[in-house]
Amino acid sequence: MNLNTKEITTDEFMEFTGIDLTGRIKGGDNPSDAAQAFLRRESRRLETFIDAELYRKMSEDYPNMTDDQKDHYKHALIEQCAYVLRNGEISTDSGYDPEKGEVASNGTLTAKSIAPNAIRELKACGIWSRFILNRGRNCADGWPWWN
């Protein structure tokens, strides 16, 4: 697995799941493009979730991670993609049925939108943590106060 990039390839996905995304994902004239778009979309969704809910900035943190953390992150992404293939894009569901009304709350949908196996991978390497990193701040109104 190439740890120099946080993106996964269709070959890496197939190596660990046995699923050929180019044969599974349909769309457009080129199945390879549709498979890559799926991987990029799910990668972005997981990264955004980590940034927003776990107080990280994956675009800045990834280059500074250990190889073990990078390996776990990429496996988490593989697990998340496999989860979405099996269960659908839960994070895009409104939880509302026009005939029945609300069938699932936003909290339930959010909790179910991340694969349990992806969470375990992220916990195993310390990424799934709510510890708030204190990043340097600077803005026009004089923050930081000590300058």
Side-chain angles (χ1 to χ4, degrees), residues 1-96 104-147:
M1 186 172 293
N2 179 5
L3 299 179
N4 292 324
T5 176
K6 64 184 174 222
E7 303 297 326
I8 59 172
T9 65
T10 54
D11 291 337
E12 289 171 333
F13 186 82
M14 185 164 173
E15 179 183 339
F16 288 97
T17 64
I19 298 169
D20 178 12
L21 284 177
T22 57
R24 184 92 180 262
I25 305 285
K26 305 294 182 212
D29 295 335
N30 188 342
S32 177
D33 289 345
Q36 284 297 353
F38 170 77
L39 292 176
R40 280 193 306 274
R41 184 175 59 252
E42 292 310 315
S43 176
R44 175 62 185 237
R45 286 179 178 165
L46 184 61
E47 182 176 328
T48 301
F49 182 89
I50 291 168
D51 289 353
E53 302 295 330
L54 303 176
Y55 314 111
R56 302 276 180 254
K57 191 72 176 157
M58 290 303 296
S59 60
E60 296 172 12
D61 292 344
Y62 189 84
N64 301 317
M65 288 185 198
T66 66
D67 285 349
D68 183 59
Q69 288 175 312
K70 290 176 182 180
D71 185 62
H72 279 287
Y73 177 78
K74 290 187 81 160
H75 280 92
L77 185 51
I78 289 169
E79 293 290 353
Q80 181 64 23
C81 290
Y83 182 78
V84 169
L85 278 177
R86 173 142 172 91
N87 297 295
E89 294 183 347
I90 296 169
S91 67
T92 64
D93 194 329
S94 70
Y96 182 80
S105 70
N106 284 338
T108 297
L109 293 171
T110 299
K112 293 190 175 296
S113 67
I114 304 294
N117 289 331
I119 292 170
R120 285 184 198 97
E121 290 284 349
L122 296 171
K123 282 181 177 180
C125 67
I127 295 173
W128 190 277
S129 169
R130 300 238 169 177
F131 175 76
I132 299 175
L133 297 173
N134 189 7
R135 298 184 180 279
R137 297 173 189 89
N138 197 352
C139 65
D141 67 357
W143 187 268
W145 58 269
W146 58 84
N147 280 348

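Position 1 is the first residue of the sequence; numbering continues from there. Just so you know, these numbers come straight off a predicted model, no measurement behind them.
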Going by the rule salt bridge (Lys or Arg N to Asp or Glu O under 4.0 Å), which residues pair with E12 if we only count those two or more places apart in sequence or in a different chain? K74
I'd like to check the side-chain contact (heavy atoms from CB on, under 4.5 Å) partners of D11; sequence neighbours left out, ordered by chain and number. T9
Quick one: salt bridge (Lys or Arg N to Asp or Glu O under 4.0 Å) pairs with a partner in residues 38-50, sequence neighbours left out? K6-E47, R41-E89, E42-R45, R45-E89
Please name all residues satisfying side-chain contact (heavy atoms from CB on, under 4.5 Å) with N64, sequence neighbours left out, ordered by chain then number. none
Go through the structure and list residues passing side chain to side chain donor-acceptor pair (under 3.5 Å) with N117, not counting sequence neighbours. R120
Measure from the side-chain N and O atoms of S113 to the backbone N and O of T110, and report whether any donor-acceptor pair falls under 3.5 Å. yes
So, using side chain to side chain donor-acceptor pair (under 3.5 Å) as the criterion, who are the partners of S43 when residues are at least two apart? E7
Considering all heavy atoms of both residues, which atom of L39 and which atom of T10 are nearest to each other, and what is their separation? CD1-N, 3.6 Å
Search all heavy atoms of R56 against all heavy atoms of I127 and return the closest pair with its distance. NE-O, 3.5 Å
With sequence neighbours left out, the residues meeting side chain to side chain donor-acceptor pair (under 3.5 Å) with T17 are none
Looking at the rings of W128 and F49, which for Trp means the six-membered one, are their centres under 6.0 Å apart? yes
If I compare all heavy atoms of L85 with all of F13, which pair ends up nearest, and what's the gap? CD1-CZ, 3.8 Å
Partners of Y83 by ring pair (Phe, Tyr, Trp, His ring centres under 6.0 Å), sequence neighbours excluded? none
Residues two or more places apart in sequence or in another chain: which of them pass side chain to side chain donor-acceptor pair (under 3.5 Å) with S105? T108
L3 and Y62: which non-hydrogen atoms are nearest, and at how many Å? O-OH, 3.1 Å
Identify the heavy atoms of H72 and C125 that sit nearest to each other, and give their distance. CB-SG, 3.5 Å
If you count the non-hydrogen atoms of other residues, nucleotides and ligands that lie under 6.0 Å from CG in N2, is the total more than 12? yes
Mind checking ring pair (Phe, Tyr, Trp, His ring centres under 6.0 Å) for H75 and listing every partner two or more places apart, or none if nothing turns up? F16
